[in-house]
Colleague: 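Here you go, one structure.
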Amino acid sequence: MAKVRNPLEPMSTAVRAVVTLVAVLLGAGLLGLLFSDGVQVLGIGDTSVCAEDSTMSVGVGEGPDWGVEPAPGATVDLDAHPNYCTTAPSTAQSLLNTATKLVPFVFSTGALLLVLQLIRSAEREGLYTVRTAERLRRLGWWLVAGSTLAAIAVSTAKTGLIASLSRDSEVSALSGLLAWDIPYMAIFTGLGVLSFARVMRVGITMREDLEGTI
């Protein structure tokens, strides 16, 4: 009898490889923070902090004309948008900088772990089970709600950081609640996953009813 190939391949191997790689890199980075100087992980350990104010458009070299003025201890470089930097960040600025990098990492890692949990459940119990459909539904909600909350959190942290580095920026931490970029791809992917989970649940119920009548 021919061996049945795993229907979840190659996704199963790819997800496991990515999760392993992320764990190794994160572990190495954390060890570097503890035992080495100059190592930074997700903004932790950064000796300089920078943030670009994308709400203001300027021309190169036009700083005085546009009235772009950094806060004390900060500098500004002008390209399409003013980019504020400081080499002596305060604790609040360091935390805001870390938040802009840590939140997307948490969202992406959470999605990977949910996919890995889904794959393991499907391999142990089968694709068409109530538990697999439930875990697929959790993944869908994580993509929809998690991506939205992550986008809002990153926008709020970034605008708060810009406000602390600039004297004249029109942004503030609260403006990040209104100016965040909608993660359309993640939201529509999540909605598709939720729909597929519902279809699976209906199919499972129909199969159980059919088996009960035989």
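We number each residue from 1, following the sequence as shown. Atom set for the values below is all heavy atoms of this structure, side chains included, hydrogens, waters and symmetry mates excluded.
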Colleague: State, with a plain yes or no, whether a side-chain heavy atom of Cys50 is found less than 4.5 Å away from one of Asn83.
Modeller: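 Yes. Closest side-chain heavy atoms under 4.5 Å.
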Colleague: Counting N and O atoms only, with roles assigned by atom type, does the side chain of Trp141 sit under 3.5 Å from a partner on the main chain of Gly190, one being a donor and the other an acceptor?
Modeller: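 Checking the backbone N and O of Gly190 against the side chain of Trp141, no donor-acceptor pair under 3.5 Å is found.
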Colleague: Give a yes or no on whether the backbone of Thr156 and the side-chain of Thr159 come within a donor-acceptor separation of less than 3.5 Å.
Modeller: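 Yes, the answer is positive, given that a donor and an acceptor are paired below the 3.5 Å cut-off.
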Colleague: State whether the side chain of Ser147 and the backbone N or O of Val144 hold a donor-acceptor pair below 3.5 Å, judged by distance alone.
Modeller: yes
Colleague: Same cluster for Met11 and Phe196 if Ile/Leu/Val/Met/Phe/Trp/Tyr side chains link at under 4.5 Å?
Modeller: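 Yes; Phe196 is reachable from Met11 via cluster members.
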Colleague: Arg131 versus Leu118: any side-chain heavy-atom pair under 4.5 Å?
Modeller: no
Colleague: Give the minimum heavy-atom separation between Arg137 and Leu194, together with the two atoms involved.
Modeller: O-CD2, 3.4 Å
Colleague: Looking at Gln93 and Ala88, what are the two nearest heavy atoms and their distance?
Modeller: OE1-O, 4.4 Å
Colleague: In the structure I gave you, are the side-chain heavy atoms of Thr148 and Ile187 within less than 4.5 Å of one another anywhere?
Modeller: yes
Colleague: If you define the side chain from C-beta out and look only at heavy atoms, does anything of Val115 sit under 4.5 Å from Leu139?
Modeller: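 The answer is yes, as the side chains (C-beta and beyond) meet within the 4.5 Å cut-off.
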Colleague: Restricting to non-hydrogen atoms, name the atom on Leu143 and the atom on Thr189 that form the minimum distance, rounded to 0.1 Å.
Modeller: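 It is CD1-CG2, 4.0 Å.
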Colleague: Quick check: closest heavy atoms across Arg138 and Leu114, and the distance to 0.1 Å?
Modeller: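 Looking at all heavy atoms of both residues, the shortest contact is O-CD1, 4.2 Å.
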Colleague: Contact between Leu136 and Thr132 at the side-chain level, heavy atoms closer than 4.5 Å - yes or no?
Modeller: no
Colleague: In the single-linkage hydrophobic clustering (I, L, V, M, F, W, Y; side-chain heavy atoms under 4.5 Å), do Val22 and Val15 co-cluster?
Modeller: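 Yes, same cluster.
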Colleague: Considering non-hydrogen atoms only, spot the tightest contact between Ala99 and Pro104 and give its length.
Modeller: O-CD, 4.1 Å
Colleague: Take Leu149 and Phe107 through the test side chain to side chain contact (heavy atoms under 4.5 Å, CB included) and record every step on the way to the result.
Modeller: CA-CA 9 Å; Leu149 293 175; Phe107 166 71; over 6 Å; no
Colleague: Might you work through the side chain to side chain contact (heavy atoms under 4.5 Å, CB included) test for Thr75 and Thr86, ending with a clear yes or no?
Modeller: CA-CA 6 Å; Thr75 59; Thr86 179; over 6 Å; no
Colleague: Please determine whether a side-chain nitrogen of the Lys or Arg among Asp53 and Lys158 lies less than 4.0 Å from a carboxylate oxygen of the Asp or Glu.
Modeller: no
Colleague: Quick check against the 3.5 Å criterion: does Ser108 have a side-chain atom that pairs as donor or acceptor with the backbone of Phe105?
Modeller: no
Colleague: Keeping Ser195 on the side-chain end and Leu191 on the backbone end, is there a donor-acceptor pair under 3.5 Å?
Modeller: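 Such a contact is found between Ser195 side chain and Leu191 backbone.
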Colleague: For the residue pair Val76 and Pro82, what are the closest heavy atoms and their distance?
Modeller: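 Heavy-atom minimum between the residues: CG2-CB, 3.8 Å.
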Colleague: Is there a side-chain contact between Thr87 and Thr47 in this structure, where contact means two heavy atoms from C-beta onward sitting under 4.5 Å apart?
Modeller: no
Colleague: Is there a side chain to side chain donor-acceptor pair (under 3.5 Å) between Ser121 and Arg135 once you walk through the steps?
Modeller: CA-CA 8 Å; Ser121 174; Arg135 287 178 174 170; 3.3 Å; yes
Colleague: Could you check whether any side-chain N or O of Thr129 sits under 3.5 Å from a backbone N or O of Glu125, counting only pairs where one atom can act as donor and the other as acceptor?
Modeller: no
Colleague: Would you call Glu123 and Arg16 a salt bridge, taking side-chain N to carboxylate O under 4.0 Å as the test?
Modeller: yes
Colleague: Going through the checks in order, is the side chain to side chain contact (heavy atoms under 4.5 Å, CB included) test met by Asp46 and Lys101?
Modeller: CA-CA 12 Å; Asp46 274 349; Lys101 301 174 182 180; 3.1 Å; yes
Colleague: State whether the side chain of Ser166 and the backbone N or O of Tyr84 hold a donor-acceptor pair below 3.5 Å, judged by distance alone.
Modeller: no
